[in-house]
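The first residue in the sequence is number 1, and the count goes up from there. Because the structure is a prediction, the values reported are computed rather than measured.
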Amino acid sequence: MCFQNMAATMVSISLAKDFCSIKWGSQNGFLRKQSLTETSTTAKLKFSFPPILGASFKRTEIHVLSPNKSSPSVVMPELLDAWNDEYGGVIIDPDSLPMSANAFASAVQASLSNWKMKGKKGVWLKILQEQADLVPIAIQEGFNFHHAEPGYVMLTYWIPSEPCMLPDSPSHHIGIGAFVITDKREVLVVKEKCPCTCSGVWKIPTGYINKSEDIFSGAIREVKEETGIETTYLKMVAFRHAHKVAFEQSDLLFVCMLKPLSSEITIDEKEIQAAKWMPLDEFIEQPYYEGDHLSNKVIDLCIAAHEDNYSGFTGHQLNSKIDGKLSYLYCDHVN
């Protein structure tokens, strides 16, 4: 066979499960077969053309990808564990966050893409104090601070391009004022220990309610903690709404009328300087209250409620269909 006829040479490669065979054939019926055992995912086949009529050929290598071996697969990042909320968003499980920075970043990116594909809206990410190293990573991925409590920080992410519809962070502090008056028209008053504007003034006990505490329960507790006096709740007299008070937050102060069940005072020296029972007239005539229209109005309402000339608001425990829980509705008594 001459060199020019080599163009007619046919090469067929057949791949089997465990070996590869190469058949050489020509129009003249010349045949040579070479088998190579596969030793790796990619079988490298080396062979030389047979010497034909003095023709010389260079050594040739063919790389064949074996069909029975899979190529290296791409490892997809895991998605964050989360559950759906009632508003088309998701809440991420804080107890299952990856602790590795790289794993967390990859999981956040993959999860946001997945939730965007599914049409989700708001994303809530709670990071516990022991996971604080993850906060900068979440911020870098586009999350924003929402609020913080002892032990955790809450971050949010709004997926749609439209304006964010997630609620703002908690914006109000809730305080109470307790008007405790005896049948002898003596009022329970305290002097605050802090250097505030009312320092040195005899005033009614006040304070903030605790988390998950009812308003009237907070009033009873504050009186007990500051003065040692046991009381029971009668009615809510009024409430005041002010803005940009402590830490630029709004403030709600609910004034409750309480009936004393004991009379011996034992003060909490960490909170107040002194406490005593003061005649009502003496309490009203303090110079501090001159020109203080708000305080005077509250005192007037408390006196009217004590004299049964003002009903105020009593607490009615009712069940709500919205959340299925009992809660207190404060309103005027209706027969």
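With hydrogens and angles disregarded, a donor-acceptor distance shorter than 3.5 Å links the side chain of Ser262 to the backbone of Glu230. Looking at Lys193, its side chain never comes within 3.5 Å of a backbone N or O of Lys270 through a donor-acceptor pair. Side chain of Asp93 to main chain of Trp83: no donor-acceptor pair is present (N/O by atom type, distance under 3.5 Å, no hydrogens or angles). Judged by distance alone, with hydrogens and angles left aside, the side-chain atoms of Gln286 form a donor-acceptor pair with the main-chain N or O of Phe283 at under 3.5 Å. A donor-acceptor pair is defined here as one N or O able to donate and one able to accept, closer than 3.5 Å; no such pair exists between the side chain of Lys116 and the backbone of Ile159. At distances below 3.5 Å, not a single donor-acceptor pair connects side-chain atoms of Thr231 with backbone N or O atoms of Leu258.
Between Val189 and Val201 the shortest side-chain heavy-atom distance does not fall below 4.5 Å. Within the 4.5 Å cutoff, side-chain heavy atoms of Val237 are placed close to those of Tyr310. At least one side-chain heavy atom of Phe143 sits under 4.5 Å from a side-chain heavy atom of Val123. When side chains are defined from C-beta on, Ile303 counts as touching Leu280, because their heavy atoms get closer than 4.5 Å. In this structure, Lys121 and Met165 have side chains that are not in contact, with every pair of non-hydrogen atoms separated by 4.5 Å or more. Phe145 places a side-chain heavy atom less than 4.5 Å from the side chain of Val135. Side-chain contact between Thr314 and Met236 is absent, with no heavy atoms from C-beta onward closer than 4.5 Å. Within the 4.5 Å cutoff, the side chain of Glu192 has heavy atoms near those of the Ile272 side chain.
Tracing side-chain contacts under 4.5 Å through hydrophobic residues (I, L, V, M, F, W, Y), one never reaches Trp124 starting from Leu79; they form parts of separate clusters. In this structure, Val90 is not a member of the same hydrophobic cluster as Leu166, with clusters built from ILVMFWY side-chain heavy atoms closer than 4.5 Å. Under the 4.5 Å side-chain contact rule for hydrophobic residues, Leu253 and Tyr208 do not share a cluster.
More than 12 heavy atoms of other residues, nucleotides or ligands shown are found within 6.0 angstrom of CG on Asp292. Remark: Gln317 CD is packed, more than 12 non-hydrogen atoms of other residues, nucleotides or ligands lying under 6.0 Å away.
With sequence neighbours excluded, the residues forming a ring-ring contact (aromatic ring centres under 6.0 Å, His included) with His241 are His172, His243, listed by chain and number.
Taking each heavy atom of Ile204 and Ala178 in turn, the nearest pair found is CB-O, 3.3 Å. Nearest heavy-atom pair across His316 and Cys331 is CD2-SG, 3.3 Å. Here the closest non-hydrogen pair linking Tyr233 and Ile220 is N-CD1, 3.9 Å.
In summary, the aromatic rings of His146 and Tyr157 are positioned with their centroids too far apart to meet the 6.0 Å limit. Aromatic ring centres of Phe254 and Phe216: separated by at least 6.0 Å.
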Check: Can you list the steps and then say if Arg240 with Asp251 is a side-chain contact (heavy atoms from CB on, under 4.5 Å)?
Finding: CA-CA 8 Å; Arg240 182 222 61 195; Asp251 187 274; 2.3 Å; yes

Item checked: Full working for salt bridge (charged side-chain N to carboxylate O under 4.0 Å, His left out) between Arg185 and Glu282 -> CA-CA 11 Å; Arg185 293 172 67 87; Glu282 185 181 341; over 6 Å; no

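Residue Tyr152 forms a side-chain hydrogen bond (donor to acceptor under 3.5 Å, both in side chains) with just one option from His147, Gln131, Glu130, and that option is His147. Between Ile176 and the choices Leu252, Val255, Val223, Ile215, the side-chain contact (heavy atoms from CB on, under 4.5 Å) rule is met once, by Ile215.
A donor-acceptor pair shorter than 3.5 Å cannot be found between the side chains of Lys120 and Asn114.
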